[in-house]
**Q** 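To start, I am sharing the structure in question, which I have written as structure tokens.
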Amino acid sequence: RINGRQVNKRFLVLPQGVEPSGLAVSSELNAIYWTDRSGPIGFRGRKIGRANLDGSGVNVNFLRLLVRGILASDIAVSPGGLYWTDHRGQRVGRANPDGSGVNPNFVPASQARTTLPSGIAVDGSHVYWGDMIGRIFAPGNSISRAKLDGSNVERQFIQNANRPWGVAVERAPLISATPGRINFGDRPVNTGPGGARATRVENVGNWPLQVFSTSLRGVDADQFAITGDGCSGQTLPPGATCTVDSTFNPTVPGGKRAKLNIESNSVERPNKRVRLLGVGTQAEVAISPTSKDFGDRRVGSGPSSAVDFTVSNNGAAPLAVGTVSLAGDDPNQFDITSDTCTGTSVAPGASCDIGVAFDPSTAGDLSASLRVPTNDPNVPVTTAGLEGRGITAAAAIAPRSADFGTVDVGKHGDSKTFTVTSVGEAPLDVTRVQLTGADAGQFSITGTDCNGATLLPGGTCEATVDFAPTVGG
């Protein structure tokens with residue numbers, strides 16, 4: 001075992017004559033591979049064997065390297081291929097994991113430029129081999145590498161390696177997620193998801209990264225959503241990327257937080273987390289004044305001066321205002337004279353105004369309400385109370401009649417004084433006092449203070465009338 005315990009010296013018993021040299025293990029392929037240096041002189045090192053990880057399925061002739069001049073020594077394996085050093089040919093060979101595609105000149109001697117390639121290792125992007133002795137004009141004691149397709153050979157990739165006999169690399173898939181923190185900012189509640197934000201997932205290691213799943217975690221996970229997932233179930237070669245898109249869709253006001261969890265086979269932080277932040281906001285409507293008593297207003301005198309009602313947004317989200325209207329018992333006794341609110345979106349901290357006037361057409365106590373529908377979830381319709389009293393003017397005259405008695409033609413009788421009293425609730429406007437009837441010419445108004453007068457309720461004025469007949473009867 002990895003901890004050095006439970007040693008099994010006979011885990012894999014090979015047939016007599018087999019001389020295993022290099023050894024490579026692949027958990028991905030469930031296989032053990034070895035180079036076999038047995039064979040007659042001139043034909044040694046031309047075989048690669050294979051067995052399952054449990055020791056079954058031994059095949060000492062898994063791969064026969066039927067090429068002159070080969071002496072396979074060290075071996076390495078990746079999910080994409082088998083690689084071996086060829087001591088005799090001074091080169092690096094390759095084959096597919098199933099034994100096909102043999103290429104003894106994967107890195108030919110002209111490029112490997114080594115006398116004794118010693119040790120070999122492979123990661124997700126390169127194959128590495130040691131140069132224990134070196135050649136004339138080409139110092140040894142170094143480690144070289146090439147890409148997995150055999151290109152970009154880097155001689156002496158590592159120098160002064162002190163005659164490397166073996167080479168090993170850490171096969172480490174490493175996950176990176178950027179950005180590591182996404183702040184979606186403010187979002188009105190119950191308005192659907194905002195714009196998606198992308199998280200870029202990258203394999204920054206040297207071995208394939210398997211992304212198993214993505215999920216949302218945390219106390220407010222239900223306030224966020226994964227809207228696009230190009231990572232789950234993917235295997236990313238070193239340097240490859242994929243993307244996860246997430247959105248903020250608050251249904252409750254206040255600060256919200258969650259974590260985007262990305263589960264993978266990364267050797268560090270296999271559960272990579274990206275912090276998600278956002279604030280659910282909502283509109284908060286207020287109206288001022290909340291009520292208005294217009295007092296007394298004479299019926300038929302036209303609308304009163306308008307009173308402005310201010311609708312304010314005290315919340316943190318835009319306030320959408322619907323159609324403003326009048327409702328209640330007597331809505332037709334009031335008028336909306338101006339309106340900057342209907343159909344508008346009022347920004348946080350801003351306001352709009354509605355003008356209302358009282359225009360009674362009937363007498364008595366009158367009332368209505370100003371209705372302002374909005375998207376405030378707590379107060380879908382805010383109202384302001386409207387009150388007023390319609391009043392009318394009325395006049396009384398006393399005495400109701402007067403008898404001037406018998407007066408000689410051409411003479412004047414005693415004058416009579418008539419009192420006009422305002423008996424209504426509204427001021428009485430007296431335009432003119434005049435005499436009417438068939439014999440109006442036999443009488444005359446000798447004095448009055450009523451013409452053009454405005455009499456407050458209870459107020460009076462007088463008119464004096466004289467009888468001076470010009471004909472008998």
Side-chain angles (χ1 to χ4, degrees), residues 14-15 17-26 28-29 31-51 58-136 138 140 142-158 164-169 171:
L14 301 176
V18 175
E19 299 179 21
S21 177
L23 183 68
V25 178
S26 172
E28 295 89 353
L29 300 173
I32 303 171
Y33 299 90
W34 62 89
T35 54
D36 182 359
R37 303 193 66 170
S38 65
I41 297 174
F43 295 90
R44 296 170 59 85
R46 292 192 181 185
K47 292 192 296 183
I48 292 176
R50 181 194 181 281
V58 174
N59 183 356
V60 296
N61 294 309
F62 171 72
L63 184 60
R64 288 178 174 270
L65 305 174
L66 303 178
V67 179
R68 290 183 61 85
I70 286 182
L71 178 57
S73 179
D74 303 295
I75 189 169
V77 60
S78 74
L82 299 174
Y83 304 86
W84 61 87
T85 54
D86 180 356
H87 281 188
R88 186 175 291 116
Q90 302 175 2
R91 56 194 169 180
V92 176
R94 181 196 178 280
N96 295 327
D98 62 359
S100 64
V102 174
N103 182 2
N105 289 303
F106 175 69
V107 179
S110 60
Q111 295 184 37
R113 293 175 60 81
T114 176
T115 298
L116 184 62
S118 52
I120 191 167
V122 61
D123 63 17
S125 58
H126 291 83
V127 58
Y128 305 80
W129 64 92
D131 182 0
M132 187 176 178
I133 296 178
R135 303 177 70 180
I136 300 174
S142 64
I143 295 175
S144 303
R145 74 173 186 176
K147 287 190 174 182
L148 294 183
D149 61 358
S151 64
N152 292 84
V153 176
E154 296 178 67
R155 285 282 300 126
Q156 300 180 3
F157 171 67
I158 299 176
W165 186 260
V167 178
V169 293
R171 296 175 176 179

**Q** Is there a side-chain contact between R145 and N152, using heavy atoms and a 4.5 Å cut-off?
**A** no
**Q** Atom OG in S144, atom CD in Q156: separation rounded to 0.5 Å?
**A** 7.0 Å
**Q** Kindly say whether D36 contributes a backbone atom to a donor-acceptor pair with the side chain of S21 at under 3.5 angstrom?
**A** no
**Q** Closest approach of L23 and I75, non-hydrogen atoms and distance?
**A** N-CG2, 3.6 Å
**Q** Kindly give the heavy-atom pair with the smallest separation between P20 and W34, and that separation in Å.
**A** CB-CD1, 4.1 Å
**Q** Nearest heavy-atom pair of A76 and A121: which atoms, and what distance?
**A** CB-CA, 3.8 Å
**Q** Testing the basics here: between S100 and D98, what is the closest heavy-atom pair and its distance to 0.1 Å?
**A** OG-OD1, 2.6 Å
**Q** The criterion is side-chain contact (heavy atoms from CB on, under 4.5 Å); which residues satisfy it with V102, sequence neighbours excluded?
**A** L63, L65, W84, A95, P104
**Q** Just to verify, what does A146 make a side-chain contact (heavy atoms from CB on, under 4.5 Å) with, not counting sequence neighbours?
**A** V107, V127, W129, V153
**Q** Between atom CZ of R50 and atom CG of N61, what is the distance when rounded to the nearest 0.5 Å?
**A** 14.0 Å
**Q** Nearest 0.5 Å, please: how far is OG in S125 from CG in L148?
**A** 6.5 Å
**Q** Check whether any side-chain heavy atom of R155 sits under 4.5 Å from a side-chain heavy atom of D131, and report yes or no.
**A** yes
**Q** Dump the intermediate steps for side chain to side chain contact (heavy atoms under 4.5 Å, CB included) on E19 and L14, then the final yes or no.
**A** CA-CA 9 Å; E19 299 179 21; L14 301 176; over 6 Å; no
**Q** E28: what forms a salt bridge (Lys or Arg N to Asp or Glu O under 4.0 Å) with it, not counting sequence neighbours?
**A** none
**Q** Using side-chain contact (heavy atoms from CB on, under 4.5 Å) as the criterion, list what pairs up with R94, not counting sequence neighbours.
**A** Y83, N96, F106
**Q** For P97 and L29, which heavy atoms make the closest approach, and how far apart are they?
**A** CB-CD1, 3.6 Å
**Q** Closer than 3.5 angstrom, by distance alone: can the side chain of T85 be matched with the main-chain N or O of S118 as a donor-acceptor pair?
**A** no
**Q** Could you measure the distance from the CG atom of D86 to the CZ atom of R46? Nearest 0.5 Å is fine.
**A** 9.5 Å
**Q** Hey, is the main chain of P117 close enough, under 3.5 Å, to the side chain of H87 for a donor-acceptor pair?
**A** yes
**Q** Minimum heavy-atom separation for D74 to G119, with atom names?
**A** OD2-N, 2.7 Å
**Q** With I158, which residues qualify under side-chain contact (heavy atoms from CB on, under 4.5 Å), at least two apart?
**A** I143
**Q** To the nearest 0.5 Å, how far apart are CZ in R64 and CD1 in I70?
**A** 13.0 Å
**Q** Show the numbers, then the answer: is there a side chain to side chain contact (heavy atoms under 4.5 Å, CB included) between V77 and L82?
**A** CA-CA 5 Å; V77 60; L82 299 174; 3.5 Å; yes
**Q** For N59, give me all partners under side-chain hydrogen bond (donor to acceptor under 3.5 Å, both in side chains), at least two apart in sequence or on another chain.
**A** none
